[in-house]
Amino acid sequence: MSIASRKHWSGQNILQLQKAPATEPVSGTLSAQSDQRTVGTVTVDDPRIRCTDVNVYYGSTHAVKNISLDIGRNEIVAMIGPSGCGKSTFLRCLNRMNDTIDNCSVTGNIELDGQDINDNSIDVVPLRARVGMVFQKPNPFPKSIYENIAFGPRIHGLARDKAELEEIVITSLQKAGLWKEIKDCLDQPGTSLSGGQQQRLCIARAIAINPEVILMDEPCSALDPIATAVIEDLMNELCTDYSIVIVTHSMQQAARVSHRTAYFHLGNLIEVAKTEQIFTHPIHQLTSDYITGRIG
Amino acid sequence: MSIASRKHWSGQNILQLQKAPATEPVSGTLSAQSDQRTVGTVTVDDPRIRCTDVNVYYGSTHAVKNISLDIGRNEIVAMIGPSGCGKSTFLRCLNRMNDTIDNCSVTGNIELDGQDINDNSIDVVPLRARVGMVFQKPNPFPKSIYENIAFGPRIHGLARDKAELEEIVITSLQKAGLWKEIKDCLDQPGTSLSGGQQQRLCIARAIAINPEVILMDEPCSALDPIATAVIEDLMNELCTDYSIVIVTHSMQQAARVSHRTAYFHLGNLIEVAKTEQIFTHPIHQLTSDYITGRIG
Amino acid sequence: MPTSFLVLLLLSLTAFSFILGRRRSLAVSAGDIRKLNSLPGYYGYYVALWCGVPALLIFIFWHFFEGTVISQLVLFNLSEHTASQPEQQLNLVLNEIRNVVYGNIPATSVAPEITAAANHYRELQQISNMALTIVTIVLAMGCAMLARSRIHTEQRARNKVERVIMIFLVVCSSIAIVTTLGIVLSVLFEAIRFFQAVPVTNFIFGLEWSPQTAIRSDQVGSSGAFGAVPLFTGTLLVSAIAILVAAPTGLMTAIYLSEYATPGIRSLGKPLLEILAGIPTVVYGFFAALTVAPLIRGWGASLGLDVSSESALAAGVVMGIMIIPFVSSLSDDVINAVPQTLRDGAYALGATQSETIKKVIIPAALPGIIGGILLAVSRAIGETMIVVMAAGLAANLTANPLESVTTVTVQIVTLLVGDQEFDSPKTLAAFALGLVLFIVTLILNMVALYVVRKYREQYE
Amino acid sequence: QAVRDYISIVGSSTVYPFATVVAETFGKTTQFKTPKIESTGSGGGFKLFCDGIGVKYPDITDSSRAIKQSEIDMCATNGVTDIIEIKIGYDGIVIANSKETSPFGLSRKDLFLALAKQIPDPENSGELTPNPHKTWKEINDRLPNIAIEVLGPPPTSGTRDAFVELAMEAGCSRFDWIETLKKTDKKQYQSICHTIREDGAYIEAGENDNLIVQKLETNPHALGIFGFSFLEQNTDKVQGLAIDGILPEFEAIADNSYPVSRPLFLYVKKSHVGMIPGIQAFLNEFTSEKAWGEDGYLTDKGLIPMTAAERDHFTENARQLRANIFMDSE
Amino acid sequence: MNKRMPARPKTIDRINQGLAKRHASEKLFHRMGLLSLLFGITCVAILFSSIISKGYTAFQQTFIQIEVHFDEQYFTVSGKDNDTEALSTADYGGMVKQSLRSQFPEAASRQEKRLLYDLVSIGATYQLRNMVMQDPALIGQTTPVWVPANDDVDMLIKGHMKREAPEAERRLRDQQIVWLDQLIAQEQLSLKLNTAFFTNGDSREPELAGIRGALMGSILTLMVTLLLSFPIGVATAVYLEEFAPKNKWTDFIEVNINNLAAVPSIVYGLLGLAVFINFIGFPRSAPLVGGLVLTLMTLPTIIIASRAALKSVPPSIREAALGIGASKMQTVFFHVLPLAFPGMLTGTIIGMAQALGETAPLLMIGMVAFIVDIPSGIFDPATVLPVQIFLWADSPERAFVERTSAAIMVLLGFLIIMNAIAVMLRKKFERRW
Ligand SMILES: Nc1ncnc2c1ncn2[C@@H]1O[C@H](COP(=O)(O)OP(=O)(O)OP(=O)(O)O)[C@@H](O)[C@H]1O
Ligand SMILES: Nc1ncnc2c1ncn2[C@@H]1O[C@H](COP(=O)(O)OP(=O)(O)OP(=O)(O)O)[C@@H](O)[C@H]1O
Ligand SMILES: [Mg+2]
Ligand SMILES: [Mg+2]
Ligand SMILES: O=P([O-])([O-])[O-]
């Protein structure tokens, strides 16, 4: 997990990570243009995903600035940071969802199991099947609840027969903690559910295809504590096999579920560290300001 | 605030409120059909909004069951409860937003300042101008940020001239804590903002028309703690003049901002009480189960 | 005052009263529009409506009756001899008078009585014109002033203006109903007369259509030569071929344009295809008869098939080409309107683009797409010229697209514009065909509505 | 209410090309406006024409056939009583094929045997049999061995009526027993003689004669039936076939030796003359020698002129506005 | 929690297994889309090229130069010199003939003279008259004048009539061709821009026939149609989709409107005849009536397209506006309509295109007519472009073939201009959300 082991990406300015001394916190204000150097443990050994110098632009807006971050195997990484700091944008890079936004351009290197996902030869279909996603705004298909979940397994041919498909649907709904509420109305449109139910539907939909990495953009924002607990349990269970990246605004949640936490600010990745550490001994001034509620 | 002072609404079964003894908690399971009697202080003196026996059906689904609840002046009422229990549905009754859903029918009596809002002679336009709303899923107009906010003041004629309108826009954005982030791009489309920014935009849009009652459906779900604090401050500030009803999944938030809290369960209003009381001495078994995290 | 000038004047009065109303509302609220019930603009519209609408109604009403009234007055003054002519003849006399009035024929070339009448006519016209000008302007100004004086802060001008708009909307929607009624009425009576001559059952179930011969040999009814079945099967066959061409091509084009194509190609391709809808059907007729039909015949011959030189296939294919834009453009619009979040949802699950389109986007856009296809089918059913020129007029009862067929519309047109006879079943048959076609398509549309309802997926 | 200062003409699509030339010349050489001419078909023309008197109704209708009794009655009930009938000339109906095929002469009997739905049974005199002929050779050994395929106008057209009456019926009455039927059972007679086969040998190709000409080009074995003026304009593409030994040529039609030609008419409302400006002048133009004379511009357009005597007769009618519709004109 | 969920490697393996097939079908789908588009565009291209290749020659016309002597004797027939009456009724045809005779004195017999006179168009007569009426000073002078040649000459020069063909198979005699060759040699015959085609009304002489009357008729008719059908169609769609209660009655209206789209256009003609002409008393052949009939005919198209467009506006937009107290009317006009506008324009484009190309209903209301004068208002008798095309296509004269195609080109040009405006508007309003 050493910084030196990082391979450099040509054509970009060479990554120079420095561990800022805790006693001399990095300046709390950042010009929008400046490239911030990330403090903390950016890299892990044998990462599942390795991002190097990722930049995202919406037209001329520079939304994500030179971010490098590794996601380990069987790891839950939480991303926190003020609203609009680029968390969702960065998350969407990891399964190339930004392709669908017209004026959005991504530079930098993102590797999944050592393979550059932005490579032209990469097939986004298995990529996205391997890297599942739950969006910030629930977006159920205007189909029945059953069809919403069955969609993924069906296109990927994951079920041999009807019974198997049904089982996948039921297990996914159970895992997402939605089964009990809606088991009698599987043929109702997914759009007629309540906000929180829709969100869980989308989670169930994402896990129905068994992805290896799951990206969750505020998956519990519309959930009550109990439903939240179900999802958090699910994450814990899943991370024995998979990697999970979660964006959350709840520090408690980040603290509860994640192994490492990344703090974003104005498009920069300010600090990454083990979760215990970041919530107890943040290195960067901005991080500690945020955690203690001083930025705003 | 006595139960006897309640006026009865003919054509409905007569309201019979009983204070369930704390020593004998009401059964924790509820059949979907049964009418639950609400415990706690349902009524207030001189309410701004008085709801009596409100029922909402989506087609044949009974989503809100016989709910009576008063919203006082200068009061913040929080609504909590598991996902899908009918909070949003009930909230949408208060400014007749359910009119827009085809198969949704509302019965019961809802009075705003003593006037039945479901009356045929009522003009919904001033009603909705008086009772503003922030929706659960942020829904900015596909127009510029400025136009998003300016639309309300403009149709209601709240600004005498351009400068005044601009001022309203700016103050609203400031109050919603969005001004700093987007002051340079007021002409960008509102839909290109991040999730949390959209949510704040919708809050700003709602308060720009100075409503007397504000209904907020999970206004802080996509917000970081700092932005949340801004909104909570705003609520505190607003409630000196106005009434606020807020749906939230964060008990902490409910505890922080609200004066009274209402607990919903499967379409029933189980309990209403002063916030301190409900979080410390819930009367109903279901309430206490929920607060202590035992339902799920 | 010339009519156009009066209209202009009324319009500017209306515009002016808008300003007046707006001003007034600002005045009563002392410039603070927050005190007003509605926006100042609504008060403007309110006054403008009061100013314009009554005056305009009077104006139209006046013009509707002015001619008749003046004519009657002029005729009244004509000499005994002229006035005693039959009414129809008087109509011609009036025309002559008017021709003199408008200087179409020199006054010297007509009888002095006509010249005198023309002068009288001219005088009356001037008076009427004068009166109209005064009445409308007074009315416009009066109503505007009255409306203006009634403006106060509590007045719900917006509701009133919106109610007027609402009335306008309702009136517009009722035009469709009135049209339907008109169409039914304009074919119903003649159709009933036809059915008095030819039993309904013969018409609907008869297998032979040969209107001309039936009359010649006076075998009406007994020979069953008014059997509409071949016409309806012909219509069905040609429309089916057309839709088999248009629906897949149109839909795939729409998908390609909205999902795959670059914006440049889309903004070029779509309008280009829309031209297909506007090429006159005569042109398609020539194209079908002289290019496509021989081509198909040649292919058929090389395959050893016996293709009629006028085949339903040629007509159907060309008709299909014509209606492609109905499917492609309408579908493109609704597909484009499906929210991006739905696409994102599918892509994120690893769906390929075509899977996303087939399983998410098309179902979500289905009502609009069906609407487009229905419109195309309708157009195919109603099309005439191509079939006349390329499929012939022979009423064969066949399902073979290589034979020639005829359609209901073709028969309606040829029966109506050919050498018609008074009251013969032959001419009346056109009306019966129209009526039955109307009923058949009505049933088809009801089925379509039911199906669309059943499979509709409403997003959000 | 509209004021009309132009002549309104409706009627036959066959007469349309001739009436329009006259109208155009009339408009350009007189002070009057150019008449408006609608092509509605003869029957449609009568329908409008007989609807009444007044500016709303047409002044003149063209027809490719004489007015029928039922139409006269209809006119009369609507107050249209004085009608001037003017015959303007003849239209030849030709049977032609592509230049690429060698021409062959046909008799009217051949035509009947080729195109009738039912023909007299050769074995069984007095009986009918469905037309069995597939090729021309089957009808007559002189004729080539090619399939019978005739492109012609639909039943709704006046040209078809004329063809049926002048060619088919004449061929039909060569059979003696049918000829006798004419007197005994006229309906039966007509049904035999006038019914054209519907098995595909006769193709109803619409009313557009240009289309038929062009279809003949792409389909050299087919014959086409259309008006003489189209043959005249397309002599490089199609050739007219001799009927009963007579080729469809200008002179042959004019002197009535070509058997398949029909008269064309104008019908004028007498009560409109003088009230609508220019009707008299228009009739004068139409009946002038420079229009319908043997060298007139109408012959350029394909109208076959009447004999001088006939022309004089109708010119006189037009000048005198002699209402000459008689009750037995059917 | 559940152990029967397939193990991970199995999942991605399964996915990879099916991948080749899915990509193949993706490719196929993409190709099919492209092919469909190409098919449509090819059809447009074929139609265009066949029309243009047939019609472009119509924009030129053969002219012959003749030496005209405006002899005084022609103008003194009535005894009164130089008054307009005399000027307009002088025997200009005689002057043309005179000048032709002096050019080719060898034409002696009556028959030969006729052939000679046939070389120039009757239009030469009207042309000379116009010249003299404008400038009476010409009388007594001799000037060379370019006059249009007869349509047969025009066809020969443009190669549509084969000069090698035997004499009997062409409309020009050998003698005439000899004369024409002489004219060509003396540079007295040439092809010039056919301005008459754009400035004249209809004519039975191909060389004089122009498109202007029909074009004006089309413009007037479509103006009426557009002004009525767009607002009415949109208003109806808005009412039905946004305001009307959803019940059996509105279902009935919806079915009804769909059904109206399937009513054969000629039946609309019948309706127009009964209502607008016979009942209200509008004049026959008027663009007003044509416009009204076409309005009724295009309304279903516009309504159906507009409704589809309104349906596809997400409900959250409406909720957002209603939630801040906008009235339904304001919601619709400020937020929903702009978003639905592109779809409404599509309906309008297609509806108007259909109206522009329609003939059958106009037959019933008297617009299929020979009208020479250019209409100047919606009450004047007029015809429209497709009718003109229809009439010319049915004319015997060979020269009308190219003019028919040229008229189609004009119609398409009109269509393209009309669409271009709408398409630009549509692009402006288009967005995805
Ligand atoms: N449009 C609709 N049609 C049919 N059923 C609906 C519709 N909207 C909501 N429901 C149902 O009504 C019930 C209450 O929904 P509501 O949205 O009020 O829940 P909620 O308390 O807001 O939940 P959440 O916290 O998840 O937003 C749910 O069971 C839901 O499935
Ligand atoms: N489609 C877009 N077009 C242009 N700018 C965008 C777009 N989406 C996001 N942005 C901008 O990019 C920046 C980062 O947005 P992003 O959605 O990544 O924020 P976030 O960290 O997810 O915030 P939140 O917590 O509010 O969801 C924001 O400033 C936003 O305004
Ligand atoms: Mg986000
Ligand atoms: Mg909710
Ligand atoms: O139009 P016609 O009556 O001559 O066929």
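So that the names make sense, note that chain A is the first sequence line, chain B the second, and so on, each numbered from 1. Values in this document were obtained by computation on a predicted structure and should not be read as measured data.
Between chain B and the options E/Glu319, E/Gln330, E/Lys246, the largest number of non-hydrogen pairs under 4.5 Å is found for E/Glu319.
Between E/Leu294 atom CG and E/Ser265 atom OG the span is 9.0 Å, to the nearest 0.5 Å. E/Asn419 CG to E/Phe414 CZ: the interatomic distance, rounded to the nearest 0.5 Å, is 10.5 Å.
The part of B/Pro140 that comes within reach of chain E is its backbone (N, CA, C, O), which places non-hydrogen atoms under 4.5 angstrom from that chain. With a 4.5 Å cut-off on non-hydrogen atoms, B/Ile155 touches chain E through its backbone and its side chain both. Contact annotation for B/Arg92: only side-chain heavy atoms (C-beta onward) come within less than 4.5 Å of a heavy atom of chain E.
The aromatic rings of B/Phe151 and B/Phe141 lie perpendicular to each other, with more than 60° between the two planes, well past the 30° mark.
Checked by atom type, the side-chain pair B/Ser88/B/Asp217 shows a donor-acceptor distance below 3.5 Å.
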